[in-house]
2 protein chains.
Amino acid sequence: MPSARKYSRKREAIYNAICSSHSHPAAGTIYAQLKPEFPDLSLGTVYRNLSLFVNEGTIRCVCVVDGNERFDGDTSDHPHFVCNCCGCVSDLADDRLLMDTAAVESRNGITVSRTDLVFYGVCADCTNRT
Amino acid sequence: MPSARKYSRKREAIYNAICSSHSHPAAGTIYAQLKPEFPDLSLGTVYRNLSLFVNEGTIRCVCVVDGNERFDGDTSDHPHFVCNCCGCVSDLADDRLLMDTAAVESRNGITVSRTDLVFYGVCADCTNRT
DNA sequence: AATAATAATAGGAATTATTCTTAAAAAGGA
DNA sequence: TCCTTTTTAAGAATAATTCCTATTATTATT
C-alpha cells in the first residue's frame with residue numbers, strides 16, 4: 001500500500017487481494033475471498049475501499065460487458081481480453097497495441113486521462129478444450 | 001431493419017431510435033424517448049429488443065464506466081470517447097486507431113470477435129467552456 | 001376475411017450490482 | 001490513557017437489468 005493512509009488491516013487485505021491477483025476480480029469476488037479471514041467484513045467496505053483506491057490511482061477499473069466492474073492492480077496502460085466462453089479477463093502483453101495518447105488528443109481535440117482497450121473473443125484454453 | 005423478422009412497430013421504433021442517434025443512448029434513454037409515441041411501451045420490451053439486435057449483430061453495445069450499457073447503431077469497428085465532464089459518449093473518427101485484429105489474434109493465441117477501444121477524458125466542448 | 005399458430009408485449013416481480021446512512025468500533029496521536 | 005478522526009458493519013435504498021406470465025399483435029393459412 002503506497003498511500004499516505006496506513007490504517008486498517010481490512011483495507012490492506014483488500015489492496016493485497018487485488019494486487020496479488022491476475023484475474024481482475026470484481027468487488028463481490030474479493031469479498032468472498034476475504035470473508036473467511038475477516039468474518040465481519042462487509043461488502044460495503046470492499047466497495048468503499050475499491051473506489052478509494054481507484055480515486056487515488058492506486059488501482060484501476062476495467063469495464064467489461066457482463067455487467068460488473070473489474071479491478072486491476074496494474075495501473076499501467078495495457079489492453080485486456082475477455083473470453084466469451086469461460087468469462088476470464090486477462091492482460092494482453094502486446095506492446096504493439098499501446099496508443100500514442102498525445103497524438104490521439106491533438107488529432108481529435110480532446111484530453112485523454114485514460115484508455116481502455118478490450119478485446120472479446122475466445123481464449124487459447126477454451127479453443128484447445130473444444 | 002435489415003433482419004428476417006419484420007414484426008412490430010415498437011421494435012422498429014426502437015431500432016430507428018438507435019440508428020438515428022449519435023449519442024449512444026442507454027436503454028432507459030430510448031424508453032423515455034419513445035414513451036410519448038407509445039404510451040404502453042414497457043422497459044422490458046426495450047431491453048428485450050436491444051439484446052435481440054445485439055445478438056443478431058444489427059447493433060452493438062459499448063461498455064462505459066458509469067455503470068450502464070450504451071448502444072450504437074454503427075456496428076463498424078470504431079473507437080469511442082467518454083467525457084468525464086459532461087458524460088457524453090461520442091465516436092472517434094480516427095482511422096489510425098483501428099487495430100489489425102488478425103495480427104492480435106496470431107500474436108496472442110486468441111480469437112477476437114469484437115474490439116472495444118474507449119478513451120476517457122474531457123471533450124472539446126467542455127474544455128472550451130471552462 | 002376468418003382462423004390458427006407463433007411471436008411480441010405489458011406489467012410487475014425478482015435479481016444483481018452498487019451506493020448511502022448511521023451508529024459503533026478501531027486507529028493513531030497527544 | 002483519552003481524544004479526535006477514520007473506518008467499519010449492517011442493512012436500507014437505488015439503479016440497471018432480467019425473468020415470468022397472461023394477454024395481445026402479427027403472420028401464415030384457409
Side-chain angles (χ1 to χ4, degrees), chain A residues 1-18 23-56 58-72 82 87 89, chain B residues 1-18 23-56 58-72 82 87 89:
Chain A
M1 283 232 288
S3 85
R5 323 172 198 239
K6 316 197 197 73
Y7 302 147
S8 89
R9 292 187 47 236
K10 281 171 189 164
R11 176 167 298 169
E12 207 171 332
I14 292 167
Y15 179 75
N16 290 334
I18 296 162
S23 65
H24 307 78
T29 310
I30 293 168
Y31 172 72
Q33 180 187 330
L34 296 178
K35 189 74 176 171
E37 187 183 351
F38 300 92
D40 63 350
L41 180 67
S42 84
L43 195 48
T45 295
V46 174
Y47 274 105
R48 186 167 24 74
N49 282 292
L50 288 174
S51 50
L52 194 129
F53 290 142
V54 169
N55 289 336
E56 279 182 354
T58 312
I59 67 174
R60 62 172 295 180
C61 58
V62 189
C63 185
V64 297
V65 280
D66 74 342
N68 54 14
E69 208 90 56
R70 302 296 208 95
F71 296 89
D72 190 345
V82 179
V89 180
Chain B
M1 280 226 295
S3 86
R5 320 170 199 240
K6 314 196 198 74
Y7 300 149
S8 89
R9 293 187 46 235
K10 282 170 188 165
R11 177 168 297 170
E12 207 171 332
I14 292 167
Y15 179 74
N16 290 334
I18 297 162
S23 65
H24 306 79
T29 309
I30 293 168
Y31 172 72
Q33 181 186 328
L34 296 178
K35 189 73 176 172
E37 189 183 349
F38 300 91
D40 62 349
L41 180 68
S42 83
L43 196 48
T45 295
V46 175
Y47 274 105
R48 187 167 24 76
N49 281 292
L50 287 173
S51 51
L52 194 129
F53 291 141
V54 169
N55 290 336
E56 278 181 356
T58 313
I59 67 172
R60 62 173 294 179
C61 60
V62 188
C63 185
V64 297
V65 280
D66 73 344
N68 55 12
E69 209 91 54
R70 301 298 207 95
F71 297 89
D72 191 347
V82 179
V89 180

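Within every chain, numbering begins at 1; the chains are lettered A, B, ... in the order of the sequence lines, protein sequences first and strands thereafter. Because only heavy atoms are used, hydrogens play no part in the values below, and waters and symmetry mates are left out as well, while side chains stay in. It should be emphasised that the depicted structure is a prediction, and the values quoted were computed from it without experimental measurement.
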Check: Quick one: what's the B/S/- string for nucleotides 18-26 of chain C, heavy-atom cutoff under 4.0 Å, read 5' to 3'?
Finding: BB-------

Margin query: Let's test your reading of the pairing rules: Watson-Crick or G-U wobble, both distances under 3.5 Å, then write DNA chain D as a dot-bracket string with ( ), [ ], | and dots.
Written below: ||||||||||||||||||||||||||||||

Whole angstroms only, please: what is the [atom1]-[atom2] distance between [X] and [N]?
{"X": "A:Lys35", "N": "D:dA10", "atom1": "NZ", "atom2": "P", "value": "6 Å"}
{"X": "A:Leu50", "N": "D:dT7", "atom1": "CG", "atom2": "P", "value": "14 Å"}
{"X": "B:Asn49", "N": "C:dA7", "atom1": "CG", "atom2": "P", "value": "15 Å"}
{"X": "A:Arg9", "N": "C:dG28", "atom1": "CZ", "atom2": "P", "value": "12 Å"}
{"X": "B:Arg11", "N": "D:dT24", "atom1": "CZ", "atom2": "C1'", "value": "14 Å"}
{"X": "A:Tyr31", "N": "D:dG11", "atom1": "OH", "atom2": "P", "value": "10 Å"}
{"X": "A:Phe38", "N": "D:dT7", "atom1": "CZ", "atom2": "P", "value": "16 Å"}
{"X": "A:Lys10", "N": "D:dA10", "atom1": "NZ", "atom2": "P", "value": "8 Å"}

Notebook entry, point to check: Under the salt bridge (Lys or Arg N to Asp or Glu O under 4.0 Å) rule, what pairs show up with a residue in residues 38-48 of chain A, not counting sequence neighbours?
Noted result: A:Lys10-A:Asp40

Next item on the list: Name all residues meeting the disulfide (SG to SG under 2.5 Å) criterion together with A:Cys61; count only those two or more places apart in sequence or in a different chain, and write none if there are none.
Entry: none

Check: Checking side-chain contact (heavy atoms from CB on, under 4.5 Å) for the pair B:Leu52/B:Arg11: CA distance, chi angles, key distance, verdict?
Finding: CA-CA 10 Å; B:Leu52 194 129; B:Arg11 177 168 297 170; 3.9 Å; yes

Margin query: Can you list everything that forms a side-chain hydrogen bond (donor to acceptor under 3.5 Å, both in side chains) with B:Ser51? Sequence neighbours excluded, please.
Written below: none

Next item on the list: Under the side-chain hydrogen bond (donor to acceptor under 3.5 Å, both in side chains) rule, collect the residues that match up with A:Tyr31, sequence neighbours excluded.
Entry: A:Lys35

Note to self: Rounded at 0.5 Å granularity, tell me how far CD1 in B:Ile14 sits from CG in B:Leu50.
What the structure shows: 6.5 Å

Next item on the list: Any chance you could measure A:Gln33, atom CD, to A:Ile18, atom CD1, to the nearest 0.5 Å?
Entry: 9.5 Å

Next item on the list: Report yes if some heavy atom in the side chain of A:Tyr15 is under 4.5 Å from a heavy atom in the side chain of A:Ile59; otherwise report no.
Entry: yes

Next item on the list: Report yes if some heavy atom in the side chain of A:Pro25 is under 4.5 Å from a heavy atom in the side chain of A:Arg70; otherwise report no.
Entry: no

